[in-house]
Novice: 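Shown below is the structure under consideration.
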Amino acid sequence: VKDLLPVEAIREREKLYEMFEFYAGKTLAPHEYPDVDRIIENVAGHSLVLQLIAAQTARSGLTLSETADLVEVHGFTDLAPEKISFEKDQQIHSARIRNIINAIFSAEQISATKKTLLKLLALFGATGVEITLFSQISGLNCRDALNELADESWIHLNEERLWLHPVIR
């Protein structure tokens with residue numbers, strides 16, 4: 001059995017700022033840090049999403065304040081209409097954020113039951129819902145589907161609540 005390389009989210013705020021600056025192609029001014037903080041909070045520090053938002057900000061000529069407001073209100077998949085560039089298999093491609101995220105989080109292989117649970121959970125917003133209430137509303141008798149969705153990173157759950165992964169929301 002091969003050892004697995006543990007990969008975790010970037011937790012250091014300074015590293016997230018550096019990454020944002022790199023993909024936005026600019027150095028953050030002191031007054032822009034609160035806007036980047038808002039963006040980081042709204043995407044739960046997800047580094048790929050932060051990278052995409054930074055690139056979109058630059059491509060669309062948005063200020064960080066505009067970007068933070070748009071992410072807060074509309075999420076990031078409909079941030080702006082311009083395509084952004086990304087590298088895949090050593091080739092440069094261009095696509096909209098929504099298409100990039102859809103390619104990563106393809107729901108085609110998910111069972112109908114899990115898709116229904118995801119759609120229902122989407123109604124509860126960023127704070128999610130108590131697991132007991134969700135189980136009653138959805139008619140779940142067993143939490144296997146929820147646990148599998150959590151294992152597959154579609155949702156987050158703790159002892160009391162569950163909510164959609166910020167990238168999915």
Side-chain angles (χ1 to χ4, degrees), residues 5-29 31-110 114-115 117-119 121-129 146 148-158 161-169:
L5 174 65
V7 178
E8 295 183 5
I10 300 171
R11 301 198 192 288
E12 297 170 32
R13 191 59 59 120
E14 288 300 320
K15 297 288 185 196
L16 292 171
Y17 293 149
E18 289 173 18
M19 187 180 70
F20 194 93
E21 287 176 325
F22 178 82
Y23 288 103
K26 65 177 266 148
T27 301
L28 295 173
H31 72 276
E32 293 176 313
Y33 284 96
D35 292 322
V36 175
D37 285 333
R38 286 173 46 209
I39 295 167
I40 291 169
E41 295 303 318
N42 276 304
V43 301
H46 194 284
S47 57
L48 172 62
V49 175
L50 198 59
Q51 171 189 339
L52 295 173
I53 291 171
Q56 185 75 69
T57 300
R59 281 292 189 132
S60 301
L62 298 169
T63 67
L64 289 177
S65 178
E66 291 170 326
T67 299
D69 290 344
L70 288 167
V71 169
E72 239 171 41
V73 174
H74 301 290
F76 59 88
T77 56
D78 291 321
L79 188 59
E82 290 82 10
K83 294 178 180 179
I84 60 172
S85 297
F86 62 97
E87 185 179 336
K88 179 183 176 191
D89 299 329
Q90 300 176 340
Q91 291 186 355
I92 300 296
H93 301 276
S94 190
R96 290 184 174 77
I97 288 180
R98 173 181 295 282
N99 296 349
I100 296 168
I101 296 300
N102 284 345
I104 295 169
F105 288 95
S106 174
E108 292 174 8
Q109 304 302 321
I110 294 180
K114 289 181 186 176
K115 285 181 186 177
L117 293 173
L118 289 170
K119 289 175 186 177
L121 187 54
L123 300 174
F124 293 95
T127 58
V129 62
L146 294 178
E148 289 169 11
L149 286 169
D151 291 344
E152 296 162 358
S153 298
W154 288 94
I155 66 171
H156 292 293
L157 57 93
N158 60 25
R161 300 188 74 75
L162 68 141
W163 60 99
L164 283 176
H165 187 290
V167 176
I168 307 303
R169 197 176 40 231

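Keep in mind that the numbers below use all heavy atoms, side chains included, and drop hydrogens, waters and symmetry copies.
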Novice: Might you work through the side-chain contact (heavy atoms from CB on, under 4.5 Å) test for L79 and I53, ending with a clear yes or no?
Specialist: CA-CA 8 Å; L79 188 59; I53 291 171; 4.1 Å; yes
Novice: Using the rule side chain to side chain contact (heavy atoms under 4.5 Å, CB included), only one of N158, T127, I155 pairs with W163; which is it?
Specialist: N158
Novice: With rounding to the nearest 0.5 angstrom, report the NZ to NZ distance, K115 to K119.
Specialist: 7.5 Å
Novice: Could you walk me through whether L118 and I110 pass the side-chain contact (heavy atoms from CB on, under 4.5 Å) test, one step at a time?
Specialist: CA-CA 10 Å; L118 289 170; I110 294 180; 4.1 Å; yes
Novice: Rounded to the nearest 0.5 Å, what separates atom NZ in K114 from atom CG in L121?
Specialist: 14.0 Å
Novice: To the closest 0.5 Å, what do you measure between CG (L52) and CZ (R98)?
Specialist: 13.0 Å
Novice: Look up atom CG in D151 and atom CG in L157, then write down how far apart they are to the nearest 0.5 Å.
Specialist: 8.5 Å
Novice: Quick check: does any side chain N or O of Q56 sit under 3.5 Å from a backbone N or O of E82, one acting as donor and the other as acceptor?
Specialist: yes
Novice: Does some side-chain heavy atom of S85 sit less than 4.5 Å from a side-chain heavy atom of R59?
Specialist: yes
Novice: Does Y23 reach the side chain of T57, with side-chain heavy atoms less than 4.5 Å apart?
Specialist: no
Novice: Quick check: do L117 and W154 have side-chain heavy atoms less than 4.5 Å from each other?
Specialist: no
Novice: For F22, look at atom CZ and say whether over 12 heavy atoms of other residues, nucleotides or ligands are found less than 6.0 Å away.
Specialist: no
Novice: Can you see which heavy atom on A80 is nearest to which on S60, and at what distance?
Specialist: CB-OG, 3.2 Å
Novice: Which value, rounded to the nearest 0.5 Å, describes the distance between L16 atom CG and H46 atom NE2?
Specialist: 11.5 Å
Novice: Using 0.5 Å steps for rounding, measure from the CG atom of D69 to the CG atom of L62.
Specialist: 10.5 Å
Novice: Looking at K26, I'd like to know if its NZ atom is crowded, meaning that more than 12 non-hydrogen atoms belonging to other residues, nucleotides or ligands lie closer than 6.0 Å.
Specialist: yes
Novice: Looking at S94 and K83, what are the two nearest heavy atoms and their distance?
Specialist: OG-CB, 3.3 Å
Novice: Do R13 and D37 have side-chain heavy atoms sitting under 4.5 Å apart?
Specialist: yes
Novice: Answer whether the closest heavy-atom distance between the side chains of E32 and T63 falls below 4.5 Å.
Specialist: no
Novice: Check the pair L164, F124 against side-chain contact (heavy atoms from CB on, under 4.5 Å), reporting the backbone distance first and the verdict last.
Specialist: CA-CA 9 Å; L164 283 176; F124 293 95; over 6 Å; no
Novice: Given side-chain contact (heavy atoms from CB on, under 4.5 Å), test L64 with F20 step by step and report yes or no.
Specialist: CA-CA 11 Å; L64 289 177; F20 194 93; 3.3 Å; yes
